[in-house]
Amino acid sequence: MRNSTQKLSYLQAIVEAQREEMRRDERVILMGEDIAVYGAQSLFDEFDHSRLRNVPISENSFTGVGVGAALTGLRPIVDLTIASFVYLASDQIINQAAKLRFMTGGQLKVPIVVRTSTFYNNRTAAQHADRPYPLFMNIPGLKVVAPATASDAKGLLKAAIRDDDPVIMFEDINLWGKKEEVPVDVDFLVPIGKADIKRAGSDATIVSVAGCLLPALAAAELLAREGIDVEVVDLRTIAPMDKETILASVAKTGRLVIADNSHKVGSVASEIAAVVSEEGFESLRKPIQRVATPSVHIPYNQALERQLYPTKERIVAAVRAIL
Amino acid sequence: MSRRNSRPLSLHIPEPPSRPGDEADFSHFEIPAAGVVARPDTAVAASEIRDMVHTLVRVLDDDGRAVGPWDPKLDADTLRQALRAMMLTRAFDERMYRQQRQGKTSFYMKCTGEEAVACAAAMAIDSDDMCFPTYRQQGLLVTRGYSMVDMMCQIYSNERDPLKGRQLPIMYSSKAAGFFSISGNLGTQVPQAVGWAMASAYSEDTRIAAAWTGEGATAEGDFHYAMTFATVYRAPVIINVVNNQWAISSYSGIAGGDEATFAARAIGYGMAGLRVDGNDFLAVYAATRWAAERARTNQGPTLIEHFTYRAEGHSTSDDPARYRPSEEAKRWPLGDPIERLKQHLVAIGEWDDERHAALGKELVEQGKAAGREAESYGTLSGENVVQADSMFEDVFKEVPWHLVEQRDQAEAERQAWHK
């Protein structure tokens, strides 16, 4: 049982993570808009409805309610559905959840999990397609995770629920349907703050952020056919960042491309580039390349939208530029 | 410390009166007869009319007669114009819904059953008053005579899309038509409408503003902030809460509708509040006229709750059969706004079934013709798309260096990959 797996999609893995943690710990509760019909139907079938709440359309309120509930020792999962809805709840997340332990001299802890999804590349236009991880990476006291596989989604969400501090999880709807074998062990956790080498290589390092893992792996495959051996490091946790794994990889390859679908200015890629420049400069044989989204709002029309994000082609071109 | 109450605390979790498989049940609604609610003078103090938020302003009775003090006494031509506006809105909706199902666009939202809410308001305020809508007030544009072809081109995101492929289908915006834009995050337009109205007064203008929000989004902070500002400064604004009973899958009780009416929100702020039969064109028209007159005479803002029913899904991405009885729409006790206005026109001898059928046909043809033209500029599934370079237009008069860089980079990438 300990080593067995089951085939789950990314989205199913998220539901199973919540189910397992709700079974394990009755302090785990779930709140969100429309979740009884859209998102958590099977949890409503299994658990007492006092633990699941279809809430009023009021993001800052229900996140604040989550913070208040977390103060009593409950472990609320707050579902903010679409990443741009997180802006509405940002005062409760940034000014309250992230700061309370510090401001109260450690008297209070806020074990809340904020789940949200990035809806980019799906014709959802400027107000629904944001990938705002960098904004939250900039907040001390907040852990930010962004899994790119079903197993990581399950393991990171379970770890987030068990964590005593606020964690925000960015899910990627482009990955919802992606299936893989996922560990069934109820204590399978992916440690927060650990990157994962998804493909070992020696010629160059690609660090992928969130949903950029798939184009990064595809780029590595394409380059492998030409005899170029690329290492792909899946960041998984954006804050706190696993500097050790990134620096070790760059020490080995001497070349770094960062694939990040957030806007390039002040991106996660920018932070990784800064860290490697400060602490791994001697390893670098060529300048660091950031493949990110240009600083422009996301249009609805797919012909306009799809040209904006990191793709296999753009990542390959960036690797080639530094070989 | 002793506890007087040793029983454990418990929470109330609101549940709708009926679910799929149940009989639709609206018996808990108290619906007064048409014509029984008094019409206060528009100069009345808000504190004098608090009872208005607990009743329902209705003009059209069950026989289609216009009765009581709220009857706006519109002439027959205006009534026919109203009927045409609502029927055109519905014909447009039906056509675009079908086009979405055929893959010509990715998304659509109908306003079926709620046509009176927008069409009556558009006729009751002036054409240059400013509208801050949500996504179910396409009737404002239709009634104001905005081009149906332009609306379709926006939905198709084609080469004539006035918003150049940037916005979600149906999230129209027209400065010329006084139709702001539609927000993905909810409730933001309500304080904006208040701000527009305050600025209109500050500029010694005569135009007023109107906002619309669903009942579900009254839970957003923005709604309440707007109520405070509107009342404190007596802003010339009308805040419309369209209570169509459903916020996607959440019934109105989730937003607090079981405990008080949405119109009653006005009382706590000291604002005038009205609650109207949203499926009664004449009631919506009369209430809006009343609120507009208050606004124009510096008596301050009005909250109007439009009590109506969302007869179809929230959008083409929603399936209401999952959360409400399928025949609920048919059981809605306040009927259909088009049928009710038709019945009235027939009752006063100004309309008949033949003319109604002919008008219906004419409007379908009008929709078809507009559709043919719009589709000639492309649909989402077709070849014609907005030009990639258009991304860099319309924001800066002088394109700044970072966008020049981006434009060049985008062009270079397109050249490289499409070789």
Side-chain angles (χ1 to χ4, degrees), chain A residues 32-39 41 48-62 64 81-82 84-89 91-92 119 122-130 264-265 291 293-308 311-314 316-317, chain B residues 10-11 13-15 105-107 154 157-158 161 163-169 171 182-188 214 216-223 247-251 254-256 314 317-320 322-323 380 385-388 390-392 395 402-403 405-406 409-410 413-414 416-417:
Chain A
E33 294 167 355
D34 284 302
I35 58 172
V37 175
Y38 294 106
Q41 308 91 308
D48 189 286
H49 288 199
S50 63
R51 298 177 67 187
L52 297 147
R53 205 55 51 78
N54 246 1
V55 293
I57 304 171
S58 194
E59 294 78 5
N60 205 40
S61 295
F62 67 77
T81 324
I82 297 179
S84 51
F85 295 178
V86 182
Y87 304 146
L88 294 161
D91 193 53
Q92 287 291 347
F119 275 63
N122 271 280
R123 297 192 298 213
T124 60
Q127 288 175 326
H128 291 101
D130 291 5
K264 189 170 184 175
V265 177
V291 181
T293 302
S295 294
V296 63
H297 295 301
I298 305 303
Y300 163 76
N301 194 293
Q302 206 160 26
L304 300 180
E305 183 185 13
R306 68 179 165 222
Q307 61 182 340
L308 300 176
T311 54
K312 177 180 74 177
E313 290 80 6
R314 286 178 64 200
V316 166
Chain B
S10 68
L11 279 180
I13 298 169
E15 285 292 339
T105 185
S106 64
F107 182 78
Q154 196 279 328
S157 190
N158 64 20
D161 172 3
L163 307 184
K164 304 198 172 181
R166 294 174 191 177
Q167 237 324 6
L168 275 173
M171 296 227 179
I182 295 165
S183 177
N185 282 351
L186 300 185
T188 49
T218 62
E220 291 282 15
D222 272 351
F223 171 76
I248 310 188
S249 71
S250 297
Y251 89 110
I254 299 284
H314 168 74
S317 311
D318 177 39
D319 175 13
R322 293 171 67 169
Y323 51 82
L380 200 63
V385 292
V386 277
Q387 292 301 307
S390 69
M391 285 272 291
F392 298 95
V395 178
H402 73 280
L403 286 182
E405 239 179 54
Q406 283 182 26
Q409 186 195 346
E413 286 177 356
R414 274 196 299 275
W417 300 334

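Below, chains carry the letters A, B, ... as their sequence lines are ordered, and counting in each starts from 1. Computed over heavy atoms, backbone and side chain alike; hydrogens, waters and symmetry mates excluded.
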Check: For the atom pair OG (B:Ser390) and CG (A:Asn301), what is the distance rounded to the nearest 0.5 Å?
Finding: 8.0 Å

Item checked: Minimum side-chain heavy-atom gap A:Ile57-B:Glu220 below 4.5 Å -> yes

Checklist line | Heavy-atom contact with chain A under 4.5 Å, split by part of B:Asp319 | finding: both

Notebook entry, point to check: Considering all heavy atoms of both residues, which atom of B:Gly184 and which atom of A:His128 are nearest to each other, and what is their separation?
Noted result: CA-CE1, 3.7 Å

Notebook entry, point to check: Roughly how far, to the nearest 0.5 Å, is the CG atom of A:Asn122 from the OG atom of B:Ser106?
Noted result: 10.0 Å

Check: Is there a side-chain contact between A:His297 and B:Val395 (heavy atoms, below 4.5 Å)?
Finding: no

Check: Side chain, backbone, both or neither: which part of A:Ile82 has an atom under 4.5 Å from a heavy atom of chain B?
Finding: neither

Item checked: Between CG on residue A:Leu304 and NZ on residue B:Lys164, distance to nearest 0.5 Å -> 11.0 Å

Next item on the list: Could you tell me which of B:Met171, B:Met391, B:Gln409 has the largest number of non-hydrogen atom pairs under 4.5 Å with chain A?
Entry: B:Met391

Check: Mind checking whether A:Tyr300 and B:Leu380 have side chains closer than 4.5 Å, heavy atoms only?
Finding: yes

Notebook entry, point to check: Roughly how far, to the nearest 0.5 Å, is CG of B:Leu186 from CG of A:Leu88?
Noted result: 8.5 Å

Note to self: Is B:Glu405 close to chain A through its backbone or its side chain, or both, or neither, when contacts mean heavy atoms under 4.5 Å?
What the structure shows: neither

Next item on the list: Go through the steps to decide whether B:Ile248 and A:Glu33 satisfy the test side-chain contact (heavy atoms from CB on, under 4.5 Å), and finish with yes or no.
Entry: CA-CA 9 Å; B:Ile248 310 188; A:Glu33 294 167 355; over 6 Å; no

Next item on the list: Given side-chain contact (heavy atoms from CB on, under 4.5 Å), test B:Glu413 with A:Gln307 step by step and report yes or no.
Entry: CA-CA 9 Å; B:Glu413 286 177 356; A:Gln307 61 182 340; over 6 Å; no

Item checked: For chain B, the option from A:Glu305, A:His49, A:Arg53 that forms the most heavy-atom pairs under 4.5 Å -> A:Arg53

Checklist line | Non-hydrogen side-chain atoms of A:Val265 and B:His402 separated by less than 4.5 Å | finding: no

Notebook entry, point to check: Which answer fits B:Asp318, side chain, backbone, both or neither, if we ask what part of it has an atom under 4.5 Å from a heavy atom of chain A?
Noted result: both

Margin query: Please find the pair of heavy atoms, one from B:Gly221 and one from A:Ser58, that lie closest to each other, and give the distance.
Written below: N-OG, 4.4 Å

Margin query: Looking only at side-chain N and O atoms, does B:Tyr323 offer a donor or acceptor that is under 3.5 Å from a partner on A:Asp34?
Written below: no

Note to self: Quick check: do B:Leu11 and A:Ser50 have side-chain heavy atoms less than 4.5 Å from each other?
What the structure shows: no

Note to self: With a 4.5 angstrom heavy-atom cut-off, is it the side chain or the backbone of A:Gln41 that approaches chain B, or both, or neither?
What the structure shows: side chain

Note to self: Minimum heavy-atom separation for A:Tyr38 and B:Ser317, please, with both atom names.
What the structure shows: OH-O, 4.3 Å

Note to self: Is B:Ile13 close to chain A through its backbone or its side chain, or both, or neither, when contacts mean heavy atoms under 4.5 Å?
What the structure shows: side chain

Notebook entry, point to check: Under a 4.5 Å heavy-atom cutoff, which of A:Ala36, A:Ala126, A:Ser61, A:Ser295 has the most pairs with chain B?
Noted result: A:Ser295

Next item on the list: Measure B:Ser183 against the heavy atoms of chain A and call it side chain, backbone, both or neither at under 4.5 Å.
Entry: both

Margin query: If you compare all heavy atoms of B:Gln167 against all heavy atoms of A:Ala125, which two are closest, and at what distance to 0.1 Å?
Written below: OE1-CB, 4.0 Å

Check: Is there side-chain contact between A:Thr124 and B:Phe107, with heavy atoms separated by less than 4.5 Å?
Finding: no

